[in-house]
K.L.:
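The structure is given below, and queries will be raised subsequently.
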Amino acid sequence: MIQATDTIRRADEVPGVGRVLVVIPTYNEADNIAVIVGRVRRAAPAVQILIADDNSPDGTGAIADALADGDAHVQVLHRQGKQGLGAAYLAGFGWARERGYQAVVEMDADGSHAPEDLPALLDAARDADVVIGSRWTRGARVLNWPLRRLLLSRGGNLYARLALGMPVSDATGGYRVYRISALDAIDLDSVTSQGYSFQVELSRLAHRAGVRIVEVPITFAERERGDSKMSPKIVAEALWRITAWGVRDRRQAVRRGLHGTATGQARWP
Ligand SMILES: Nc1nc2c(ncn2[C@@H]2O[C@H](COP(=O)(O)OP(=O)(O)OP(=O)(O)O)[C@@H](O)[C@H]2O)c(=O)[nH]1
Ligand SMILES: [Mg+2]
């Protein structure tokens, strides 16, 4: 009997990582959600999935409920209305922590983040606190993205790297694994970003907390169905927040230099 329970417990754990919750935020992803959940289940049978839906008008929430009814590995967090990607993830992280998960995964619903890459990300998480699925590291591929999006992503990442002094090639990317212990080391209550800058903000906080960050190349593909929620407002938010963080970090570094205190934290350029 003990043996059988033990076997069940281990079947729901990722070796070297523990119990993993994949959080998939959704807003109007009715055409995508069943496909992505099926792909995750096939690619990584041990993980649990939480769909965090912001009361999508297109009925994504009801489809998610039906998926959850048919599969004990799928659950749904219904939120009141569209509050942004960052808020949905923070709610998912809290949900995972309350239920004793050891790691959470961030993954878009639109198929841009291939579930087939998840085993490689989880493998890297054995020796890391944060794993970033990167589009801009050797071995990565970006499929069907228009030049405009390529330039925006490359430019945004270059700016983030220079402004924040982070050795991360894809600070805006949203395909990640966080150990809960790493999230505990970050002051999540201080997070204010909503759009893309949420990923940059968490990269920055993780880097400053000194946790082990590893990047793994992924194959990123343009969404095939449904509409992007990317907007000029989201890009503008990322730009001004990165600038503000960069200025703040430099001021702090100067102040530390003036007072001759070394914190052992990251060194800013
Ligand atoms: N719960 C929730 N999910 C959201 C919200 N905004 C976006 N999402 C989801 O977050 C994921 C990423 O959104 P996308 O629209 O694909 O944004 P993107 O990947 O930056 O843009 P594209 O590359 O153009 O697809 C998708 O699964 C969306 O459904 C939101 O306000 N609330
Ligand atoms: Mg997308």
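Nothing here was measured: the structure is a model prediction, and the numbers come from that model. In this chain, numbering begins with 1 at the start of the sequence shown. When a ligand or atom number is given, it counts from 1 through the structure's own listing order.
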K.L.:
Quick one: does ligand 1 sit under 4.0 Å from the side chain of Ala88, the backbone, both or neither, non-hydrogen atoms only?
P.N.:
side chain

K.L.:
Can a non-hydrogen atom of Arg149 be found less than 4.0 Å from any atom of ligand 1?
P.N.:
yes

K.L.:
Give the residue and atom name of whichever protein heavy atom lies nearest to atom 17 (O) of ligand 1, and the separation in Å to one decimal.
P.N.:
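Answer for atom 17 (O) of ligand 1: Lys229 N, 4.2 Å.
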
K.L.:
Looking only at protein heavy atoms, which one is nearest to atom 19 (O) of ligand 1, and how far off is it?
P.N.:
Asp108 OD2, 3.2 Å

K.L.:
Does atom CD of Glu116 have more than 12 heavy-atom neighbours from other groups under 6.0 Å away?
P.N.:
yes

K.L.:
Using modelled atom types and a 3.5 Å cut-off, is there a donor and acceptor pairing between side-chain atoms of Tyr175 and backbone atoms of Ala114?
P.N.:
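Answer holds: yes.
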
K.L.:
Could you identify the single nearest non-hydrogen protein atom to atom 4 (C) of ligand 1 and state the distance to 0.1 Å?
P.N.:
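In this structure, atom 4 (C) of ligand 1 has Tyr27 CB, 3.9 Å as its nearest protein heavy atom.
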
K.L.:
Do Ser169 and Ser134 have a side chain donor and acceptor closer than 3.5 Å?
P.N.:
yes

K.L.:
Hydrogens and angles aside, do Thr60 and Glu29 bring a side-chain donor and acceptor to less than 3.5 Å of each other?
P.N.:
no

K.L.:
What protein heavy atom sits nearest atom 8 (N) of ligand 1, and how far off is it?
P.N.:
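Looking at atom 8 (N) of ligand 1, the protein heavy atom closest to it is Leu85 CD1, 4.0 Å.
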
K.L.:
Measure up the Trp136 and Trp145 rings against each other and bin them: parallel (under 30°), tilted (30 to 60°), perpendicular (over 60°).
P.N.:
tilted

K.L.:
Backbone or side chain, does Asp110 get an N/O/S atom under 2.8 Å to the Mg ion (ligand 2)?
P.N.:
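A backbone or side-chain N, O or S atom of Asp110 is under 2.8 Å from the Mg ion (ligand 2).
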
K.L.:
Does the His73 side chain pair with the main chain of Ile49, one donor and one acceptor, at a distance under 3.5 Å?
P.N.:
no

K.L.:
What residue and atom, counting heavy atoms only, is the protein's closest point to atom 26 (C) of ligand 1, and at what distance?
P.N.:
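It is Glu29 OE2, 3.4 Å.
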
K.L.:
Report the member of Gln199, Met230, Arg223, Glu106 with the shortest heavy-atom distance to atom 14 (P) of ligand 1.
P.N.:
Arg223

K.L.:
Can you sort out which atoms of ligand 1 are near Ala109, meaning under 4.0 Å from one of its heavy atoms?
P.N.:
26 (C), 27 (O)

K.L.:
Report, in ascending order of atom number, the atoms of ligand 1 lying under 4.0 Å from any heavy atom of Asp110.
P.N.:
16 (O), 19 (O), 25 (O)

K.L.:
Nearest heavy-atom pair of Thr172 and Arg135: which atoms, and what distance?
P.N.:
OG1-NH2, 3.2 Å

K.L.:
Any cation-pi pair here, Arg97 with Trp95, using under 6.0 Å and within 45°?
P.N.:
no

K.L.:
Going by atom types alone, do Asp53 and Ser56 pair a side-chain donor with an acceptor below 3.5 Å?
P.N.:
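Present: a donor and an acceptor within the cut-off.
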
K.L.:
Would a distance-only check, ignoring hydrogens and angles, find a side-chain to backbone donor-acceptor pair under 3.5 Å from Asn32 to Arg225?
P.N.:
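Between the backbone of Arg225 and the side chain of Asn32 there is a qualifying donor-acceptor contact (under 3.5 Å).
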
K.L.:
Which ligand 1 atoms does Thr26 reach within 4.0 Å, using its non-hydrogen atoms?
P.N.:
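Here the atoms of ligand 1 in question are 1 (N), 2 (C), 3 (N), 29 (O).
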
K.L.:
What residue and atom, counting heavy atoms only, is the protein's closest point to atom 21 (O) of ligand 1, and at what distance?
P.N.:
Ser228 OG, 3.2 Å

K.L.:
With heavy-atom distances below 4.0 Å as the criterion, list the atoms of ligand 1 near Ala52.
P.N.:
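Near Ala52, meaning under 4.0 Å from one of its heavy atoms, ligand 1 has 1 (N).
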
K.L.:
Check contact between Gly84 and ligand 1, using heavy atoms of the residue and a distance below 4.0 angstrom.
P.N.:
yes

K.L.:
To check your reading of the model: name the closest protein heavy atom to atom 32 (N) of ligand 1, its residue, and the distance in Å.
P.N.:
Asp54 OD2, 2.8 Å

K.L.:
Would you mind checking which non-hydrogen protein atom is closest to atom 18 (P) of ligand 1, with the distance to 0.1 Å?
P.N.:
Tyr196 OH, 4.1 Å

K.L.:
Indicate whether any N or O donor in one side chain lies under 3.5 Å from an N or O acceptor in the other, for Gln194 and Gln83.
P.N.:
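No, Gln83 and Gln194 have no side-chain donor paired with an acceptor closer than 3.5 Å.
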
K.L.:
Using a 4.0 Å cutoff against the non-hydrogen atoms of Lys82, which atoms of ligand 1 qualify?
P.N.:
5 (C), 6 (N), 30 (C), 31 (O)

